[in-house]
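Chain identifiers are assigned alphabetically (A, B, ...) following the order of the sequence lines, protein sequences preceding nucleic acid strands; residue numbering begins at 1 within each chain.
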Amino acid sequence: MSQQPYPFKEIESTVQRLWKEHHSFRTEINPDKPKFYCLEMFPYPSGRIHMGHVRNYSIGDALARYKRMRGYNILHPMGWDAFGLPAENAAISRNIPPATWTTDNIAHMKEQLQKLGLSYDWDREVATCLPEYYRWNQWMFLKFLERGLAYKKGGLLNWCDQCATVLANEQVEEGLCWRCKSPVELRSLEQWYLKITDYAKELHDTLDDLSGWPEKVRTMQANWIGPSGGTRINFSIIGHPGHLTVFTTRPDTLFGVTFVTIAPEHEELKTLLSSSPVREKAEAFIHETLHKRAAERNMEVTEKEGMDSGIRLLHPLTGEEVALWIGNFVVAGYGTGVVMGVPAHDTRDFEFARKYGIPVKPVISNPQATSIGNPEEAWTGSGTLMDSGIFSGLSNEEGKQAITRHLEEKGLGQSVTTYRLRDWGISRQRYWGTPIPVIYCPSCGMVPVPESELPVLLPRNVSLSGKGGSPLAEHPEFLHVKCPKCGGDSRRETDTMDTFIDSSWYFLRFTDPTNDTLPFSRQNASHWMPVDQYVGGVEHAILHLLYARFFTKVLNDIGLSPVREPFKALLTQGMVLKDGSKMSKSKGNVVDPDMLIDRYGADTVRLFTLFSAPPDKDLAWDDKAVEGAFRFLGRLSQKAHDLLAQGPMDIVPGELLSPALRLVRTKIHETIQDVSRDLAGDAQMNTAIARLMELLNTLSGVDPQTGDAERRVLHEGLVTMATLLSPFAPHLAQHLWSQLGQKGMVADTAWPSVDPEALKRDVVAFVVQVNGKLRATLMLPPATGEDELRENALGDERIQRTLEGLVIKKVVYVPGKLLNIVAGPA
RNA sequence: GCCGGAGUGGCGAAAUAGGCAGACGCAAGGGACUUAAAAUCCCUCGGCCGCAAGGCCAUACCGGUUCGAUCCCGGUCUCCGGCACCA
């Protein structure tokens, strides 16, 4: 038998042509089959695919192909998250229009993906930068506006000077811009928000129902939304009508309040200060604090600073006068932006009180305190209320409830749940995004663009300087427009939308990608939604997945989306590492997928990325280890060649096989069983592939030259191998399938089923232990009973030697598996 | 600080209704074929002791439950990830 090369290039191009001719992966709704929507996170068209993409899409494709063979009607689409900053940067540095840069990148990356042989229905391809897509962003924005879920507000915002744009809180990482890593500062600007906080409770509470999501991601989202149960308490203001409201999780410490602190940027502060004796000083302090804060954003914890505002409040229960301080440590956007200061029972308040000489009043007994008098630190544990009027003597848990109830009865407070989550700022002063469909009229004010005038097209001929400000404001034909209401001269909104909007509903568009009257029809979405399996990087665990859930809920509320949760199951794949860190251009440790495909073929690259680590773990790239996958496919290809070199053969039903060949058949069917089990549960593709390697190891012991029986068993083994391998290395699988005389496409073949006869073994290995330690393995029929097994074990020389001088005290028997003899000295 | 997750050979990793620890692959060593190399094939491959048969130790560490623990329970250490002046 001659040794043959593994002609992967020829195989892969032939098979890819075959798929194209057969339209193998075109999606058609088939009501006779259960549906399965398999989706991988669509890429940003940066120019070239990287190993992270290869891994993401290899995992998704294996699942889609497996489900297809399991008889599901598959939706497996792909598209492009095509708006974003890099296109503008490329335009500035290389003088190419963003649209051209993006389109070229898409063309190139599509070619790369096609070389991998992924089973996408390319007829459903979408690109978010096309008007056919982004007009629906605008349409949805108008729906949000109608429902009061989009609003414009001024305020201090995170500003990245480098990118010349506003960033959402979610896009600030340790004080740095998530994209360019330069420091973020605060700027006062007006911008559009989406009211995601209206959905905070549902987004949080329904996380429990997402049983197909990794625990890790659910926890991350829960922490991000950050619910916190507490009480709002009103403090009236001396010399002013109304009151200031604080939020606290410790109403039990209310009697320990010795001051109240307000955030420097709090909306009411300016008005209150008008009557303050230290107004000018306070305003200077506020100004200084806010600027310092922006500059020090990326520092760990800023030193606590504050000043007495001169304003005085009244304690709601004791009626005592309490000073209102302005403090740099109070977060304006959380709770009410005002906190009560209880230095005796809060470490921050304690630190602050010490620094400024504010009294400390303990109201919760500390069982660990060594002396009465001025404590050395805040006691934040539990204890009994003291010096708390009628509440003294209660435990602090009782105190929380009693004080809150009391405040509620008197109309001085209420029990509430606050969330850390804040509204989503979506305005961007950038060009390459969806124009916000709003017009400003001098007489009518803000006027939404009428639905019939959508899309508001993004003009092509815009000059980009990168110098800040919105580029669309420099484009007169875009900017100047007549008011839709009164026809007067007006201006368009020149901000564009955050690109996270684009990816917040693309999975719905895939169910109906060419619809030109709606973003998608409810009928098509009802058939395919929810996404049964979503696959992507864990870096999107919070932002993208939260926004997508939010959009799906809103679209459900307006009657469009048939579901409230978009993704039934989520698989977050690990990163691809090289030399211990993530592959990146800046580290110079990238491995180019094209080069690998050229050298080893797509099947090898796919197989290796799936084999080398479980999908959810990080994958350490190893150039040498790739060759293991390549060798496996080469040996498999060789084995098929060896068999076919023997010419055609007849099938003999019910043929009696030699014991050795029966064991080979057992292995074939065990492999079917094991691979099926690996893929059915948590997508253990690495072990599934290991089993296929084991099967080939077994098959390589069968020589087709020996006889017809050998050839027939080998044929069964290789046909089985082709079907089981098809999700992972689809080109070679199809090639073997055809070579072995099978009809049609292996991708459309039913997943093989186990022959229970083949699984039966004459003998199995029984483990014999003495005191829990393995001392012998006995090959006996699987049905061997306890007495018989015991007899055999005691007849074994090694067991006898071990038991010498010992008395048997007990024997444990596990049917079909094990015997443990417990023995000890007499 | 709070919340998650993970610690198994030289390396990537297997194995848990508690029952042979290290499947599969990489690397390494030895051998066959070859003028030679590549490719391929065969053997060895957690540590220690032993000529061998075999024995002892070993799943981060300490302890517990059990006939039996990588798996369950309690404690300790380390690493990774997320959030963080959130009241």
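Note on ring orientation: taking the six-membered ring where Trp is involved, the planes of A/Phe608 and A/Trp621 are perpendicular (angle over 60°, cut-offs 30° and 60°). In this pair, A/His540 and A/His544 present their aromatic rings perpendicular. The plane angle is above 60°, beyond the 30 to 60° band. Between A/Trp325 and A/Phe259, the ring planes are perpendicular. Angles over 60° get that label, and only those under 30° would be called parallel.
Under the Watson-Crick or G-U wobble criterion, with both distances below 3.5 Å, B/U40 is paired with B/A32. Pairing partner, B/G46: B/C57, with both Watson-Crick or wobble hydrogen-bond distances short of 3.5 Å. Base pairing analysis places B/G63 opposite B/C73; the two distances defining the Watson-Crick or G-U wobble pair are each below 3.5 Å. The nucleotide B/G4 finds its pairing partner in B/C80, both defining distances of the Watson-Crick or G-U wobble pair being shorter than 3.5 Å. The partner of B/C20, taking Watson-Crick or G-U wobble pairs whose two distances both stay under 3.5 Å, does not exist in any strand shown. Checking B/C26 for Watson-Crick or G-U wobble geometry (two distances, each under 3.5 Å) identifies B/G10 as its partner.
Within 4.0 Å (heavy atoms only), A/Asp349 reaches no atom of the nucleic acid at all. Within the 4.0 angstrom heavy-atom criterion, base atoms lie near A/Phe611. Using a 4.0 Å heavy-atom distance criterion, A/Gly628 is classed as a sugar-phosphate-only contact. Contact annotation for A/Asp622: backbone-only contact, meaning every heavy-atom pair under 4.0 Å involves sugar-phosphate atoms and none involves a base. When heavy atoms are screened at a 4.0 angstrom cut-off, A/Val339 is found touching base atoms of the nucleic acid. Heavy atoms of A/Gln769 sit under 4.0 angstrom from at least one base atom. Within 4.0 Å of A/Pro614, counting heavy atoms only, lie sugar-phosphate atoms of the nucleic acid but no base atom.
With rounding to whole Å, A/Ile542 atom CD1 is found 15 Å from B/G4 atom P. A straight line from CG of A/Leu619 to C1' of B/A13 spans 12 Å, rounded to a whole angstrom. When rounded to the nearest whole Å, the span between NZ of A/Lys773 and C1' of B/G18 equals 18 Å. In this structure, A/Ile821 places its CD1 atom 16 Å from P of B/C20, rounding to the nearest Å. Atom NZ of A/Lys617 and atom P of B/G7 are 6 Å apart (whole Å). In this structure, A/Ile689 atom CD1 and B/A13 atom P are separated by 15 Å, rounded to whole Å. At whole-Å resolution of the value, CG in A/Asn771 and C1' in B/G19 are 15 Å apart. In this structure, A/Trp224 places its CH2 atom 5 Å from P of B/A84, rounding to the nearest Å.
Sorted by residue number, the members of residues 214-223 of chain A with any non-hydrogen atom under 4.0 Å from RNA chain B read A/Lys216, A/Thr219, A/Met220, A/Asn223.
Take the nearest nucleotide of RNA chain B for A/Ala765 and for A/Val812: the residue whose nucleotide is more 5' is A/Ala765. Comparing A/Arg775 and A/Asn820 against RNA chain B, the residue whose closest nucleotide sits nearer the 5' end is A/Arg775.
When the side-chain nitrogen and oxygen atoms of A/Thr687 are compared with OP1 and OP2 of B/A23, none of them lie within a distance under 4.0 Å. Considering only side-chain N and O atoms, A/Lys810 lies nowhere under 4.0 angstrom from the phosphate OP1 or OP2 of B/U66. The shortest distance between the side-chain N/O atoms of A/Arg798 and the OP1/OP2 oxygens of B/G55 is below 4.0 Å. In this model, the phosphate group of B/C24 is not approached by any side-chain N or O of A/Arg691 to a distance below 4.0 Å at OP1 or OP2. Residue A/Arg631 places none of its side-chain N or O atoms closer than 4.0 Å to OP1 or OP2 of B/A39. Look at A/Asn686 and you'll find a side-chain N or O under 4.0 angstrom from OP1 or OP2 of B/A14.
In this structure the side chain of A/Ile225 reaches within 4.5 angstrom of the side chain of A/Leu546, judged on heavy atoms. Contact of the A/Pro251 side chain with the A/Lys400 side chain is registered, since non-hydrogen atoms from C-beta on lie closer than 4.5 Å. Side-chain atoms of A/Gln573 and A/Asn56, non-hydrogen and from C-beta on, do get closer than 4.5 Å to each other. Annotation: side chain of A/Leu644 is not in contact with side chain of A/His641 (no heavy-atom distance under 4.5 Å). For the pair A/Asn234 and A/Pro316, the minimum side-chain heavy-atom distance is 4.5 Å or more. Under the 4.5 Å side-chain criterion, counting only non-hydrogen atoms from C-beta, A/Val339 is not in contact with A/Thr248.
For the C1' atoms, the distance from B/C72 to B/U66 is 10 Å, rounded to whole Å. Using P as the reference atom, B/U65 and B/C73 are 16 Å apart when rounded to the nearest Å. Rounded to whole Å, the separation between the C1' atoms of B/A17 and B/G55 comes to 34 Å. Taking atom P in both B/A21 and B/G46, the straight-line distance is 14 Å, to the nearest Å. Atom C1' of B/G12 sits at a distance of 43 Å from the matching atom of B/C85, rounded to the whole Å. Atom P of B/C61 sits at a distance of 14 Å from the matching atom of B/G10, rounded to the whole Å. Nucleotides B/U59 and B/U70 place their C1' atoms 5 Å apart, quoted to the nearest Å. Nucleotides B/C45 and B/G30 place their P atoms 16 Å apart, quoted to the nearest Å.
Centroid-to-centroid, the aromatic rings of A/Tyr6 and A/Phe630 come within less than 6.0 Å.
Distances were taken from every side-chain heavy atom of A/Lys817 (C-beta onward) to each of B/A87, B/G19, B/C83; the shortest belongs to B/G19. The side chain of A/Phe329 lies closest to B/C85 when the candidates are B/C85, B/C20, B/A23. Side-chain proximity of A/Phe247 to B/A87, B/G19, B/C67: nearest is B/A87.
Anti is the conformation of B/G10, whose glycosidic angle sits further than 90° from 0.
Counting only N and O atoms by type, the side chains of A/Asp678 and A/Thr687 include a donor and acceptor under 3.5 Å apart.
For a distance-only test at 3.5 Å, the side chain of A/Lys304 qualifies as a donor-acceptor partner of the base of B/C85.
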